[in-house]
Visitor: 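Quick one: this structure, given as structure tokens, is what I'll be asking you about.
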Amino acid sequence: MKLYYFLILMSVSFASCQTSQRSAAGIIGGADGPTSIYVTNNDDQALTHRENGWYRVLSADSLSAKPIITVKDMVGLKLEKDYYGKYAISGRISKHKINKWADETEKAIGKQIAFVYNDSIISDPQVNGRIESGAFMITSQLDQKLPEIYKGIMKEKSDSIEVIFNGWEKDSLYYELSPEKRDSVNMGIDYWEAKAWVDMSSKPDEHYWYSIEDSSEYVSLEKALKDELDKEKYSSRASDYMKSEAYKAYKQYLHENKEYINLMFEGFLFNNLKGLHGYLVDDIIQSKYPSAPSIRSYIDKTDNADDERFAVYEWQRKVWFLMNTTQENNTVMSDDQKARKRIERMMEKANKYRESITDTTYLQTTVEMSNSAIDALKADGYNDDYLYNQVVYLAALDRARKYLSEQGGKLICSLSSPEDINVRKDLYDFILDVFRKWNEMLDSGNFKIIKDEKGLLMIVHKDYGSK
């Protein structure tokens, strides 16, 4: 089976670098002046290698062992110059870790956090407030080192995506892309979405596909259980709640209709899993699948909502595997085959449509065009129209790029209406915003305009072609 992958067209290229310099950093959030320098190779930590990323500062010469955020959690990286002409690396945190960043920066108010690169502290700003936007900036007194560090970070980000794709069939669209477009893919996609999509495609037995047409009975049983648990507590032991008629009816229904376990994953029991709910979920799952791990063992060590969500997802994959492979009623379940067929249908739909597109085809996505329309994941699970919408977007983008010209180092778009490229208005507006962001990237001085193999204008990192 051919695996095709369609991704947002972005443009960057990379070169590796090494640095061993440490420096103080400017203050984040409005304060001014440099902070002090921390030593990472003291006796307690001499043998500790730290992944590149942001860390909590524990004391004058000590950092946390585990990072707050690593390079693979970063998107939108840019090398810029500040008001005084000093270099700065800006970026934002992936939407999948943005809540963790906000929580950790709130804990660090009035304190400092450190950006570590190659086991050296590059920046150690003081945090003056909770940063919910996910934004960050790396500055340094030795700012002339930042361009090399920026290249190294960009390469690490690219490599993290390349590792995920390793092992995919070589006839997939990803491996047919030109080198510059593969670099664009690696920087334009979110690491966690890429990992989830590849996992879903390559390990379908760890993902359970279901189609529920009537959930009225389940909803009634779940509401009865919620009402029971919301009553004034008469016991602190989960075992007492398990004796209630509402709980026993709910549990029996899930045991007899396993596909509804997926509705439980989306229901109220998955709030506050470190409390009573975690014990109930373990009882429901482990009494049906005795080899299933405890969900509490996955989440007990997490201390923020983002990490807990990832821990729950890893636990769910173990349960889905059991749901797919466990023999019930002397029949080996074939849900893994159903999963493969569903993935094949998604790809077939996208590729069939791609092949049918002509210059006059009216282009529109299945939902209003946005980043969510072309993300592999959505709030309630996988986006079945992800590939299809990517095909539509890329076809529309190519049409729009025919209207681009270069003037004074900027991209000028001569489009005047959606009718010019025969697309729906929301898709038209989205593409114009992409062009606006490309010009912002050009303004940073780190990108340049080239023509691709189709003769259409695109942007790449300024070092592209110099390797």
Side-chain angles (χ1 to χ4, degrees), residues 1-11 161 164-165 167-190 193-194 196-202 204 209 339-378 382-404 415 418-435 438 451-458:
M1 178 182 70
K2 289 188 177 182
L3 298 179
Y4 291 94
Y5 203 80
F6 303 93
L7 298 155
I8 302 175
L9 187 62
M10 294 290 288
S11 309
I161 301 295
I164 293 175
F165 287 140
W168 273 43
E169 296 180 42
K170 297 301 180 181
D171 60 351
S172 68
L173 182 62
Y174 176 75
Y175 287 103
E176 294 175 0
L177 294 175
S178 61
E180 66 269 19
K181 286 191 175 180
R182 282 179 60 185
D183 279 343
S184 299
V185 164
N186 293 342
M187 288 308 297
I189 190 172
D190 180 282
E193 289 173 357
W197 176 250
V198 173
D199 285 345
M200 180 185 70
S201 301
S202 60
W209 305 101
R340 292 180 186 276
K341 289 181 179 179
R342 182 173 182 176
I343 294 170
E344 288 175 0
R345 286 197 299 269
M346 292 166 61
M347 293 180 175
E348 181 181 2
K349 176 183 177 182
N351 290 316
K352 185 177 181 180
Y353 183 71
R354 178 171 61 92
E355 293 169 0
S356 73
I357 294 175
T358 68
D359 291 340
T360 60
T361 303
Y362 181 73
L363 298 176
Q364 60 180 350
T365 48
T366 58
V367 294
E368 183 175 350
M369 182 58 190
S370 65
N371 287 322
S372 297
I374 49 182
D375 279 349
L377 301 176
K378 54 183 182 179
Y382 290 104
N383 180 0
D384 283 349
D385 292 323
Y386 164 71
L387 290 174
Y388 179 90
N389 288 336
Q390 282 279 4
V391 169
V392 173
Y393 164 67
L394 291 175
L397 185 63
D398 275 355
R399 286 185 187 176
R401 287 198 295 145
K402 294 177 182 177
Y403 289 78
L404 286 179
L415 285 171
E419 288 73 24
D420 289 343
I421 52 174
N422 201 24
V423 301
R424 197 169 61 191
K425 186 177 184 303
D426 55 293
L427 181 55
Y428 174 82
D429 291 340
F430 185 88
I431 290 173
L432 290 187
D433 190 55
V434 169
F435 292 161
W438 285 4
K451 288 185 178 181
D452 66 8
E453 65 277 7
K454 299 177 183 177
L456 302 178
L457 295 181
M458 61 184 294

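One-based numbering along the sequence shown.
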Visitor: Roughly how far, to the nearest 0.5 Å, is the OH atom of Tyr428 from the CG atom of Asp433?
Guide: 12.5 Å
Visitor: Nearest 0.5 Å, what's the CZ-CG distance between Phe430 and Leu397?
Guide: 9.5 Å
Visitor: Under the side chain to side chain donor-acceptor pair (under 3.5 Å) test, which residues partner Thr358, sequence neighbours left out?
Guide: Thr360, Thr361
Visitor: With sequence neighbours left out, write down each residue that passes ring pair (Phe, Tyr, Trp, His ring centres under 6.0 Å) with Phe435, or none if nothing qualifies.
Guide: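 So Phe435 forms a ring pair (Phe, Tyr, Trp, His ring centres under 6.0 Å) with Trp438.
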Visitor: Just verifying a value: how many Å separate Thr366 OG1 and Asp384 CG, rounded to the nearest 0.5 Å?
Guide: 9.5 Å
Visitor: How far apart are the closest heavy atoms of Tyr362 and Val423, and which atoms are they?
Guide: CE1-C, 3.7 Å
Visitor: Please list, chain by chain and in numerical order, all residues satisfying side chain to side chain contact (heavy atoms under 4.5 Å, CB included) with Lys352, sequence neighbours excluded.
Guide: none
Visitor: Report the residues that fulfil side chain to side chain donor-acceptor pair (under 3.5 Å) with Arg424, sequence neighbours left out, ordered by chain and then residue number.
Guide: Gln364, Thr365, Asp426
Visitor: Within the 4.5 Å heavy-atom criterion, are Arg399 and Ile431 side-chain neighbours or not?
Guide: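 No, every pair of side-chain atoms sits at 4.5 Å or beyond.
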Visitor: Locate the shortest heavy-atom distance separating Leu427 from Val392; write the atom from each residue and the value.
Guide: CD2-CG1, 3.8 Å
Visitor: Is there a side-chain contact between Asn389 and Met369 in this structure, where contact means two heavy atoms from C-beta onward sitting under 4.5 Å apart?
Guide: no
Visitor: Who are the ring pair (Phe, Tyr, Trp, His ring centres under 6.0 Å) partners of Tyr353, not counting sequence neighbours?
Guide: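 Listed in chain order: Tyr388.
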Visitor: Just jot down the side chain to side chain contact (heavy atoms under 4.5 Å, CB included) partners of Asp420, sequence neighbours excluded, or say none.
Guide: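 Once residues adjacent in sequence are excluded, the partners of Asp420 under the side chain to side chain contact (heavy atoms under 4.5 Å, CB included) criterion are Tyr403, Leu415, Ser416, Ser417.
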Visitor: Checking Lys402 now: which residues fulfil side chain to side chain donor-acceptor pair (under 3.5 Å) with it, not counting sequence neighbours?
Guide: none
Visitor: Would you check, one step at a time, whether the test side chain to side chain contact (heavy atoms under 4.5 Å, CB included) holds for Lys451 with Leu457?
Guide: CA-CA 5 Å; Lys451 288 185 178 181; Leu457 295 181; 3.6 Å; yes
Visitor: Do you know the tightest heavy-atom contact between Val391 and Ala350?
Guide: CG2-O, 3.7 Å
Visitor: Which residues pass the salt bridge (Lys or Arg N to Asp or Glu O under 4.0 Å) test with Asp359, not counting sequence neighbours?
Guide: none
Visitor: Between CG of Asp429 and NZ of Lys425, what distance do you get to the nearest 0.5 Å?
Guide: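 Here the interatomic distance stands at 3.5 Å.
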Visitor: The criterion is salt bridge (Lys or Arg N to Asp or Glu O under 4.0 Å); which residues satisfy it with Lys349, sequence neighbours excluded?
Guide: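 For Lys349, the residues satisfying salt bridge (Lys or Arg N to Asp or Glu O under 4.0 Å) (neighbours in sequence not counted) are Asp385.
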